[in-house]
Amino acid sequence: MMSERRPLILGNWKMNTLPEEGRLVARQMVPMIRDGLHLRVDWGLALPFTHLSALRAELEGWGMMGGQDCSAHLQGAYTGEISAAMLAAMHCTFSLVGHSERRTHHQETSATCGLKIDRLRDQGLMAVYCVGETLEDRQRGNFSKIITSQLMDALGSRIQSLDSNGLVIAYEPVWAIGTGLTASPEQANEVHAMIRYWVVQHGGAMLAEQIRILYGGSVNASNAKDLLGCSDVDGALVGGASLKARDFTDIVLSSVG
Ligand code: 13P
């Protein structure tokens, strides 16, 4: 059954390109995506903070622009951090939260992610909360326990105050990120259905019906269509392939058939 949820395709550029290179990629990408498609799909790029001002004019009116992280704090003595209000002031409309690379390299916990989601909500920005298990967790058959605790610790106490404009969940199995290994459509859909069921239980049936759950992990122009064809997969969070204008355009195109 095709869902009524509007597809959402987000690129995550991570720490790649210099601003001017990034602007050239966006300049190629936007016209390719824009011709008719923008009416049926939401898409955007999570950029390095340094790129926001250079890419704003390229994306404005066509694609969403977002950060890859934001501070759990409002403002103050937090050297190196960027607040949700700063993202909003740069015309971002969303931010990633809890990407596995932040959990691994910056010891970010799900509880901290919950505070970041609060900051984004207060600014009217959409939080794209990333969850996912490691290879070890998957091999041990532990993945549902890990993902449930990531959901519970970040969202459990606040999901009732969020709606589908303010929250997107991204399932990114750590073993599939940047490895060329992709979850099969069946594996992805199984976890997405489990996440949606968690939302039914904690946020209610209406939110569960409306919330978009994205898949991320080695999504490319060849495998996107099968993944996006799954009933509970509402879009993709794309790393490497989002840096290539043609490939990312093809992924966006696959989401609308
Ligand atoms: P890749 O698409 O490069 O595997 O990265 C996925 C990712 O981490 C997106 O956030």
Side-chain angles (χ1 to χ4, degrees), residues 7-17 21-22 25-26 29 42-49 51-52 55 63-70 87 92-106 108 110 113 116-117 120 125-135 137-138 143 146-147 150 154 167-185 187-188 191-192 195 212-228 230 233-255:
L8 172 63
I9 310 291
L10 295 177
N12 173 11
W13 280 14
K14 308 191 179 182
M15 196 172 73
N16 290 298
T17 74
E21 294 165 323
V25 174
M29 189 183 274
D42 294 331
W43 68 277
L45 297 174
L47 297 172
F49 299 131
H51 291 40
L52 297 174
L55 268 78
M64 300 157 65
M65 191 171 76
Q68 299 171 7
D69 181 39
C70 80
L87 291 178
C92 286
T93 55
F94 74 96
S95 178
L96 307 184
V97 175
H99 191 281
S100 67
E101 288 150 17
R102 298 221 44 97
R103 293 179 191 262
T104 303
H105 303 302
H106 302 274
E108 196 161 302
S110 298
C113 292
K116 295 182 177 200
I117 292 168
L120 291 166
L125 301 188
M126 180 175 86
V128 180
Y129 179 53
C130 305
V131 298
E133 81 284 4
T134 62
L135 183 58
D137 297 328
R138 174 142 294 257
F143 62 94
I146 297 291
I147 293 166
Q150 290 170 338
L167 179 67
V168 166
I169 298 174
Y171 169 53
E172 296 207 309
V174 179
W175 48 272
I177 295 177
T179 58
L181 289 175
T182 319
S184 67
Q187 284 174 323
V191 176
H192 283 227
I195 293 172
R212 292 180 290 189
I213 305 176
L214 314 185
Y215 170 78
S218 298
V219 175
N220 59 40
S222 317
N223 61 26
K225 201 168 178 62
D226 285 346
L227 287 160
L228 294 167
C230 296
V233 177
D234 307 312
L237 181 52
V238 184
S242 71
L243 289 156
K244 298 184 192 128
R246 181 73 260 170
D247 291 23
F248 189 63
T249 301
D250 287 344
I251 296 169
V252 175
L253 281 168
S254 348
S255 72

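Both counts, for ligands and for their atoms, begin at 1 and track the order of listing. If you read the sequence from its start, that first residue is 1, and numbering goes on from there. Just the heavy atoms: all of them, side chains too, but no hydrogens, waters or symmetry mates, feed the values below.
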Side-chain (S218) to main-chain (A176) donor-acceptor, under 3.5 angstrom: yes
Atoms of ligand 1, numbered as shown, that sit under 4.0 Å from any heavy atom of G240: 1 (P), 2 (O), 3 (O)
Atoms in ligand 1 with a heavy atom of K14 nearer than 4.0 Å: 5 (O), 6 (C), 7 (C), 8 (O)
Closest non-hydrogen atom pair between S95 and L87, with its separation: CB-CD1, 3.8 Å
Sub-4.0 Å heavy-atom approach of A241 to ligand 1: no
Donor-acceptor pair, side chain of W13 and main chain of S242, under 3.5 angstrom: yes
Sub-4.0 Å heavy-atom approach of S218 to ligand 1: yes
Within-4.5 Å side-chain heavy-atom neighbours: C130 and Q150: no
Contact with ligand 1 for A46, non-hydrogen, under 4.0 angstrom: no
Atoms of ligand 1 close to A176 [distance to a heavy atom under 4.0 angstrom, numbered from 1]: 4 (O)
Those atoms of ligand 1 less than 4.0 Å from some heavy atom in E172: 6 (C), 7 (C), 8 (O), 9 (C), 10 (O)
H99 versus Q68, side-chain donor and acceptor atoms under 3.5 Å: no
Region of N12 engaging ligand 1 - heavy atom pairs below 4.0 Å: side chain
Parallel, tilted or perpendicular: rings of Y215 and H192 (30°, 60°): tilted
Heavy atom of the protein closest to atom 2 (O) of ligand 1 (residue, atom name, distance): G239 N, 2.9 Å
Polar proximity ligand 1 side, G178 side, N/O cut 3.5 Å exclusive: yes
Close-contact set for ligand 1 against L237 heavy atoms, below 4.0 Å: 9 (C), 10 (O)
N/O donor-acceptor pair under 3.5 Å between D226 side chain and N223 backbone: no
Residue pair L228 / I9, side-chain heavy-atom distance below 4.5 Å: yes
Short N or O distance, H99 and ligand 1, threshold 3.5 Å exclusive: yes
